[in-house]
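Please read these numbers as outputs of a predicted model, since none were measured by experiment. First the proteins, then the strands, lettered A, B, ... as listed; each starts at 1.
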There are 2 protein chains.
Amino acid sequence: MSKRKISIEDIARKAGVSHSTVSRALRDSPLISAKVREEIKKLAQEMNYVPNAIAQSLQNQRTYTVGVIVTSIADPFFGELVEGIEQVARKAGLNVLLNASHGDFDQEIAAIENFHYRRVDGILVADSRIGKNHNKRLTQLTVPTVLINIDTEAHNETFHSVAIDDRLGGCVAVEHLLDLGHTRIGYIGVGDSSKADQQRLEGYHLALSQAKLSANQDWVAIPQRDSQTISDFDIGKQLLPQLVAAGVTGIFCYNDMVAVGALLACKELGISVPQDLSLVGFDNIALASYITPALTTVSQRMVEMGELAMTMLLDLFEEKAVDNILLSPFLVKRGSTTQVSKAKKISNYIEVKI
Amino acid sequence: MSKRKISIEDIARKAGVSHSTVSRALRDSPLISAKVREEIKKLAQEMNYVPNAIAQSLQNQRTYTVGVIVTSIADPFFGELVEGIEQVARKAGLNVLLNASHGDFDQEIAAIENFHYRRVDGILVADSRIGKNHNKRLTQLTVPTVLINIDTEAHNETFHSVAIDDRLGGCVAVEHLLDLGHTRIGYIGVGDSSKADQQRLEGYHLALSQAKLSANQDWVAIPQRDSQTISDFDIGKQLLPQLVAAGVTGIFCYNDMVAVGALLACKELGISVPQDLSLVGFDNIALASYITPALTTVSQRMVEMGELAMTMLLDLFEEKAVDNILLSPFLVKRGSTTQVSKAKKISNYIEVKI
DNA sequence: CTGTTAGCGCGTTCAC
DNA sequence: GTGAACGCGCTAACAG
């Protein structure tokens with residue numbers, strides 16, 4: 001196996017033609033006679049010729065490569081997202097260059113500079129941790145860019161984006177509980193200052209007020225964030241008791257891990273789900289369907305978001321006009337929610353116990 | 001924002017020097033006087049100069065890019081793997097080009113050709129579904145390549161690899177049950193013809209024979225694969241009863257999803273884990289720690305495998321000699337296993353029930 | 001120390 | 001139809 005790769009010059013020499021003839025023949029130029037074209041193609045095949053994308057890129061000024069920035073690839077969410085991105089990218093003949101930011105803003109900037117350096121054709125940024133105050137610096141972008149699930153007030157002209165409608169998701173979750181007859185409904189948040197947390201809470205309030213129910217301060221539990229970072233699971237576990245004590249019969253949790261934590265707390269307190277308490281999560285992670293009882297939850301659509309974002313980028317390449325996308329999440333009904341009934345007795349139970 | 005990027009020629013013109021002086025200055029060549037070097041660097045800064053990696057690559061014959069092939073990025077396992085790869089790649093100044101094969105051999109070949117076309121410096125292949133009969137074609141590889149968790153008889157010279165020691169993993173799982181006093185131990189496999197399934201079963205037998213226990217045919221359950229593809233979860237759920245009927249007090253499951261399925265079957269049958277039956281999984285997926293009871297399992301080390309594979313590739317770049325790596329999995333003890341005791345009564349229980 | 005020149009491999013005028 | 005020549009942006013060998 002020869003060390004150096006075959007170039008069009010090599011095959012031109014062997015064919016007794018010039019390198020530009022070879023170039024044309026391989027690209028099916030109509031300027032070339034059918035005969036020599038086939039001849040050259042055959043020769044290229046035999047010589048194991050593999051065109052050099054680098055040289056082509058230098059000429060075309062296109063790399064057929066998109067840069068993707070995610071917080072962490074190990075996070076199954078971003079895994080699904082990248083899956084969607086990669087699929088439509090590959091179908092369009094593009095490749096994905098992957099960078100992880102680990103939620104660090106400096107690393108995100110470094111990743112963008114790296115992508116500029118490598119002359120990617122477009123950039124996709126999906127970094128839940130980057131707050132809105134940061135992304136101003138992204139303005140320096142000179143290549144088409146799509147933001148995924150990132151909050152920006154300047155969504156309008158400068159940025160293109162696709163995101164999940166968290167407010168609607170919160171609504172959907174709470175409406176489900178309302179439909180089941182619940183009126184005392186709580187929310188457990190995580191208290192990072194993310195768009196998601198805020199908007200899901202907004203959706204919660206919205207659904208309640210649409211049902212003419214007044215919100216009760218005690219039904220909303222959000223941890224203090226000055227202390228140690230705490231896992232979502234532990235948040236659910238620790239905050240559940242106070243909501244139960246406040247007499248709720250249903251709880252909408254910020255996400256599935258919070259709900260799972262809450263569920264475990266229920267088990268330890270002897271509260272049975274869903275008979276005594278209904279729980280709704282958010283995200284629809286794999287775990288949600290395997291736990292007992294299986295978790296009713298609002299489903300993210302990460303693969304789809306990836307596909308849409310990449311498709312949007314392709315449109316931008318062709319300079320089409322694109323509209324930002326706000327994806328509607330949908331409810332997945334499972335075993336952790338049911339009709340409210342004798343459930344109201346729980347609060348007494350707890351009060352006795354405390 | 002100017003459309004065309006700044007080149008070293010642009011800044012050379014402005015500085016009144018030649019482009020090669022600029023090139024040297026920016027690369028800290030000792031041939032350049034400190035004065036003009038600083039001057040040029042400042043100018044480059046002001047003009048927002050970003051070097052062109054494509055042009056550099058064409059010159060260096062290196063792209064500082066590695067190609068990574070995985071079955072599916074959405075699979076959390078591969079997510080962790082890529083996480084490990086990306087981290088050490090980035091530290092070494094390399095970028096990751098990602099391709100998914102979806103277990104399709106043709107797509108895998110296409111991915112490799114694509115990587116050749118793009119002149120990556122090295123390739124990492126992690127594709128559990130590709131059998132040993134296929135990878136002969138990988139021999140055409142002309143760039144340094146490391147195989148991850150792929151079975152090859154030709155591991156020796158041609159291929160470099162890092163893999164998990166499934167046989168040892170099986171041993172470790174069964175030895176744990178033996179240590180707890182179990183003597184009637186079962187295995188639930190999945191019956192794909194993968195290296196993993198075969199070797200974990202081998203480990204199971206090895207541990208039993210080392211303990212001077214004779215294996216019982218009825219204690220090993222492996223589904224027929226001619227029918228529909230069936231999820232690991234359902235395999236565990238469906239095969240559990242027959243093992244319990246055969247009187248086992250402990251079961252080593254091919255992986256965690258199988259174990260979770262088995263666990264659910266236990267719940268439905270009124271068998272309590274671990275009091276009546278001990279379960280050991282494999283993989284240590286996130287779910288394993290959240291389910292009740294938390295699952296004792298043999299842990300994969302995917303992030304580490306990614307790091308090691310990428311590090312090996314870096315060594316290959318420097319033409320160092322490298323040894324193939326066989327990673328030892330380790331046991332994570334949790335709630336689904338305990339001392340054998342009155343457990344033997346289960347078999348009777350089942351027999352009565354059937 | 002700095003400028004000139006020659007490629008890296010390919011696509012694309014512009015002549016013939 | 002085909003070849004010669006130029007340029008994409010950069011590094012390196014060779015002059016001075």
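Neither OP1 nor OP2 of C:dG11 sits under 4.0 Å from any side-chain N or O of A:Gln61. Between B:Ser20 and C:dG3, a side-chain N or O to OP1/OP2 separation shorter than 4.0 Å is absent. Put simply, B:Gln56 has no side-chain N or O that comes within less than 4.0 Å of OP1 or OP2 on C:dC8. For B:Ser33, a side-chain nitrogen or oxygen approaches OP1 or OP2 of C:dT2 to under 4.0 Å. Proximity of B:Tyr49 to the phosphate of D:dG9: no side-chain N or O atom is located under 4.0 Å from OP1 or OP2.
Distances from the side chain of B:Ser7 to the nucleotides C:dC10, D:dC10, C:dG3 place D:dC10 closest. The A:Leu58 side chain lies nearest to D:dC8 when the options are D:dA12, D:dC8, C:dC10. Considering only the side chain of A:Ser18, D:dG3 comes nearest among D:dT11, C:dC1, D:dG3. For B:Leu31, counting side-chain heavy atoms from C-beta on, the closest listed nucleotide (D:dG9, C:dT12, C:dT2) is C:dT2. The B:Arg24 side chain lies nearest to C:dT2 when the options are C:dT2, D:dG9, C:dC10.
For B:Asn52 and C:dC8, the CG to P distance is 18 Å, given to the nearest whole Å. As rounded to whole Å, 13 Å separates atom C1' of C:dG9 from atom CD1 of B:Ile54. Protein atom OH of A:Tyr64 is 16 Å distant from nucleotide atom P of C:dC10, rounded to whole Å. The nearest whole Å value for the distance from the CD atom in A:Glu39 to the P atom in D:dT2 is 10 Å. Computed from coordinates, the B:Arg62 CZ to D:dG9 P distance equals 24 Å when rounded to whole Å. The separation between A:Glu9 atom CD and D:dG3 atom P is 13 Å, rounded to whole Å. The CD1-P distance, from B:Ile8 to D:dA12, rounds to 11 Å in whole Å. For the pair A:Asn60 CG and C:dT12 P, the interatomic distance rounds to 7 Å; values are reported in whole Å.
Between B:Arg37 and A:Ser23, the one whose closest nucleotide on DNA chain C sits nearer the 5' end is B:Arg37. Of the residues near DNA chain D, B:Arg27 and A:Val36, the one whose nearest nucleotide (by heavy atom distance) lies more toward the 5' end is A:Val36.
Between A:Val303 and A:Leu81, every side-chain heavy-atom pair lies at or beyond the 4.5 Å cut-off. When side chains are defined from C-beta on, A:Val125 counts as touching A:Thr145, because their heavy atoms get closer than 4.5 Å. For the pair B:Phe77 and B:Thr71, the minimum side-chain heavy-atom distance is 4.5 Å or more.
Seen from the ring of A:Tyr64, A:Arg62 counts as a face-on cation partner, given the 6.0 Å and 45° thresholds.
A salt bridge does not link B:Lys35 with B:Glu39: none of the charged nitrogens is closer than 4.0 Å to a carboxylate oxygen. Between B:Lys42 and B:Glu38 there is no salt bridge, since none of the side-chain N atoms of the basic residue sits less than 4.0 Å from a carboxylate O of the acidic one.
Residue B:Ile32 is classed as a sugar-phosphate contact, given heavy-atom separations below 4.0 Å to backbone atoms only.
On a pure distance criterion of 3.5 Å, a polar donor-acceptor pair joins the side chain of A:Gln59 and the base of D:dG7. You'll find a donor-acceptor pair under 3.5 Å spanning the side chain of B:His19 and the base of D:dT11, going by distance alone.
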